[in-house]
Amino acid sequence: MATIQPLREETMIINMGPQHPSTHGVLRLVLELDGEYVVSCRPVLGYLHTGIEKNTEYRTWQQGVTFVTRADYLSPFFNELGYCLAVERLLGIEAPPRAQVIRVMTNELTRIASHLLWLATTGLELGAISIMLYAWREREVILRIFEMITGLRMNHAYIRVGGVVMDLPEGASEQVRDFLDVMPGRLHEYEELLTGNPIWRQRTEGVGHVPGDELVALGVTGPMLRAAGIDWDLRKQLPYCGYETYDFDVPLRTAGDCFARYEVRIEEIRQSLRIVEQCLDRLEPGPVMVEDPKLRWPAELSVGPDGIGNSERYVRHIMEESMEALINHFKIVTQGFQVPAGEVYQAVESPRGELGYYVVSNGGNRPYRMHIRGPSFVNLQATPRMVEGGLVADVVASVASIDPVMGDADR
Amino acid sequence: MIVLGFFLTAPMGIGYMEHKVLAHMQHRLGPMEAGGFHGWAQLVADGVKFIQKEDIIPKAADSWVFTLAPAVVMVPYIAIFAVIPFGRTLWAENLDIGIFYVLAITAISVIGILMAGWASANKFSLIGALRAAAQLIAYELPLILASVAVVMQAGTLSLVGISEAQHHYWYIFTQPVGFFIFIVASLAELTRPPFDMPIADSEIIFGAYTEYTGLKFAFFLLAEYGGIVAFSAIASVLFLGGYQGIPVIGHLIPGFFWMSGKVGALAFFIIWLRATYPRLREDQLQRFAWVALIPLALADIMVTGVVKVLVK
């Protein structure tokens with residue numbers, strides 16, 4: 001008499017990441033699989049922890065910029081802006097109008113670059129390899145503009161407390177304008193390739209769906225939230241840098257799935273182009289840094305043969321003409337400036353959501369404590385909610401739709 | 001010998017074509033350095049590189065099965081070329097059951113993929129192998145059904161006979177639905193995009209081939225391109241008249257060039273799809289086969305049968 005053995009059912013645990021082609025760096029997902037279905041998902045973070053927050057406590061306020069710009073490495077200007085706005089609020093100063101316009105312009109160009117990179121990598125992860133190269137091609141144009149303005153393609157340290165480090169170089173606005181002429185046509189190309197593509201829609205529609213109220217409960221912000229129909233954009237709700245004076249729309253979708261997030265991001269690129277265009281029209285000559293010599297970086301930076309350097313005129317001034325200037329230079333460069341005691345939370349709308357800077361000063365020349373509210377970290381909390389019960393292939397689509405940057409999540 | 005020579009060179013041509021076509025569709029140049037002229041020797045250089053690589057067999061792997069798998073995947077595609085006619089007299093073997101032989105033998109390569117995935121002792125490989133097996137079972141059926149309609153119309157199973165039967169007109173005009181089904185199903189058989197879930201690199205690293213290195217990995221690549229040539233050749237014979245040229249000027253050019261041109265055109269189409277479409281999902285793929293393609297193929301056979309009887 002043979003007895004019938006019940007079919008043995010086993011789940012398989014696989015480690016997706018930290019070394020995996022589509023985990024956006026070093027995100028690790030511990031997946032419990034039942035065949036192709038995901039039973040449970042546990043994100044493991046921290047592989048890219050760099051101690052940026054702690055490090056700033058040992059550097060002057062000015063030096064903080066070079067640290068925070070490395071947190072969310074795909075949108076460096078947003079980190080710089082959030083940090084500088086927070087410190088400026090503690091100081092009770094405001095950057096001059098031209099600096100504000102330049103800040104908005106570089107930020108919106110970064111938003112476009114970041115969304116393009118999102119489009120490229122998401123396309124690649126869903127198997128649409130052509131869109132990757134198309135989006136990368138346009139991102140490259142933006143990075144060249146950044147290189148021209150700041151000398152670097154990323155980690156610019158261009159926005160500083162009190163303004164921006166240097167004025168725009170000659171020819172920069174023309175290059176931006178050229179980009180504005182080209183980009184709408186390219187956006188149309190992307191949409192022709194993807195929006196109506198039946199397989200693209202099948203892979204994204206209804207995938208990774210989370211309703212708006214749950215997203216709010218999880219603290220999710222940014223395009224994910226707006227794709228679920230919740231109108232929350234800090235540029236409108238808590239404007240900074242004069243965003244309230246710019247004319248732009250906040251794209252909203254109600255579906256709350258990966259396709260809606262794709263649509264929102266594409267539309268945001270379009271709105272950012274509008275903002276950049278308005279910035280170019282507003283660029284009036286003027287200072288780009290506060291005048292207060294106790295705050296501003298003392299050197300006159302100029303592009304020398306070695307990239308960035310001090311102008312000869314300034315070096316002669318401090319070395320030969322004015323002892324006071326030399327003392328001031330020495331003080332600011334070695335000790336920095338003091339910031340009145342207090343604490344402040346300043347948030348900016350980064351491409352990923354609410355990027356917040358909580359800065360505490362005890363009156364010294366260094367931050368007492370600095371904390372970054374990284375939108376990637378918070379948004380990743382929605383991962384298990386999105387992928388559990390779905391298929392393995394949807395994990396990739398869902399995580400991609402969060403657009404996490406691990407530098408931002410782990411800091 | 002000629003067959004073997006063709007098998008070893010044609011995939012290189014297709015591989016180079018993929019490099020170049022894909023690059024130009026994506027605003028790139030593709031290989032430009034190797035060999036001097038537009039990087040024509042890139043694949044030769046790749047081959048040399050593969051030979052130099054360390055041949056790694058994972059400790060936990062079943063080394064016999066692991067080593068045998070690449071050959072099992074590749075050999076069927078070589079064997080197919082024995083029966084494919086490249087001209088009225090240019091074929092190695094004219095089997096009476098040619099199409100039957102071809103379809104039966106292509107199915108063997110899936111065993112190789114399963115062997116590779118199972119023996120690798122890697123979870124990603126295993127998922128990839130099971131996906132491949134499920135996919136090939138689902139798409140073998142529409143592939144065969146689409147061929148059946150052609151066989152009914154031609155009244156012969158021999159590939160030479162089918163080519164000859166298309167002397168007046170190509171079967172793509174009478175069997176457009178069959179052609180569509182055949183191409184879709186062969187893409188799935190080849191695990192080419194948009195049906196490349198078994199090797200979906202963004203999900204399961206490289207599926208069954210994850211643990212392979214060096215020459216063994218090159219064998220899998222060669223099998224993939226060889227597969228493209230093989231399926232393009234079969235589709236050309238079944239639907240595009242094989243070595244038959246177009247009327248009027250057809251006889252001016254030898255059949256071999258007609259056949260090669262058709263194979264090239266179909267391979268180009270297969271590469272084009274890769275540049276255009278994202279990857280489907282496993283369940284969508286299965287649904288597409290069982291709900292759409294198979295009923296469609298059955299209806300196609302029915303219509304062919306009815307028309308054939310009526311015409312007689």
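Here is the naming used below: chain letters follow the sequence lines, and residue numbers restart at 1 for every chain.
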Kindly say whether [Y] contributes a backbone atom to a donor-acceptor pair with the side chain of [X] at under 3.5 angstrom?
X      : Y      : result
A/R226 : A/R265 : no
A/D394 : A/A397 : no
A/S114 : A/R111 : no

(request) Sort by residue number and list every member of residues 131-141 of chain B having a non-hydrogen atom under 4.5 Å from chain A. (result)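 So the qualifying residues are B/R131.
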
At a 4.5 Å cut-off on heavy atoms, which part of [X] comes close to chain B: side chain, backbone, both, or neither?
X      : value
A/I131 : neither
A/R137 : side chain
A/E36  : side chain
A/V399 : neither

(message) Which label fits B/W272 and B/F268: parallel for a plane angle under 30°, tilted from 30 to 60°, or perpendicular past 60°?
(response)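 The rings of B/W272 and B/F268 sit tilted, inter-plane angle from 30° to 60°.
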
(request) Look at the rings of B/F182 and B/F231 and say which category their plane angle falls in: under 30° parallel, 30 to 60° tilted, over 60° perpendicular. (result)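 If you compare the ring of B/F182 with that of B/F231, the planes turn out tilted.
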
(request) Inspect the contact between A/R153 and A/E140 and indicate whether a charged nitrogen and a carboxylate oxygen are less than 4.0 angstrom apart. (result)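 A salt bridge links A/E140 with A/R153.
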
(message) Under the side-chain contact (heavy atoms from CB on, under 4.5 Å) test against A/L187, which residue among A/R270, A/E138, A/E267 passes?
(response)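 Going through A/R270, A/E138, A/E267 one by one, the side-chain contact (heavy atoms from CB on, under 4.5 Å) with A/L187 is satisfied by A/R270 alone.
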
(message) Assess the residue pair A/T204 and A/R261 against the criterion (side chain to side chain donor-acceptor pair (under 3.5 Å)); give the C-alpha distance rounded to whole Å, side-chain angles, the decisive distance to 0.1 Å, and a yes or no.
(response) CA-CA 9 Å; A/T204 52; A/R261 288 165 204 150; over 6 Å; no

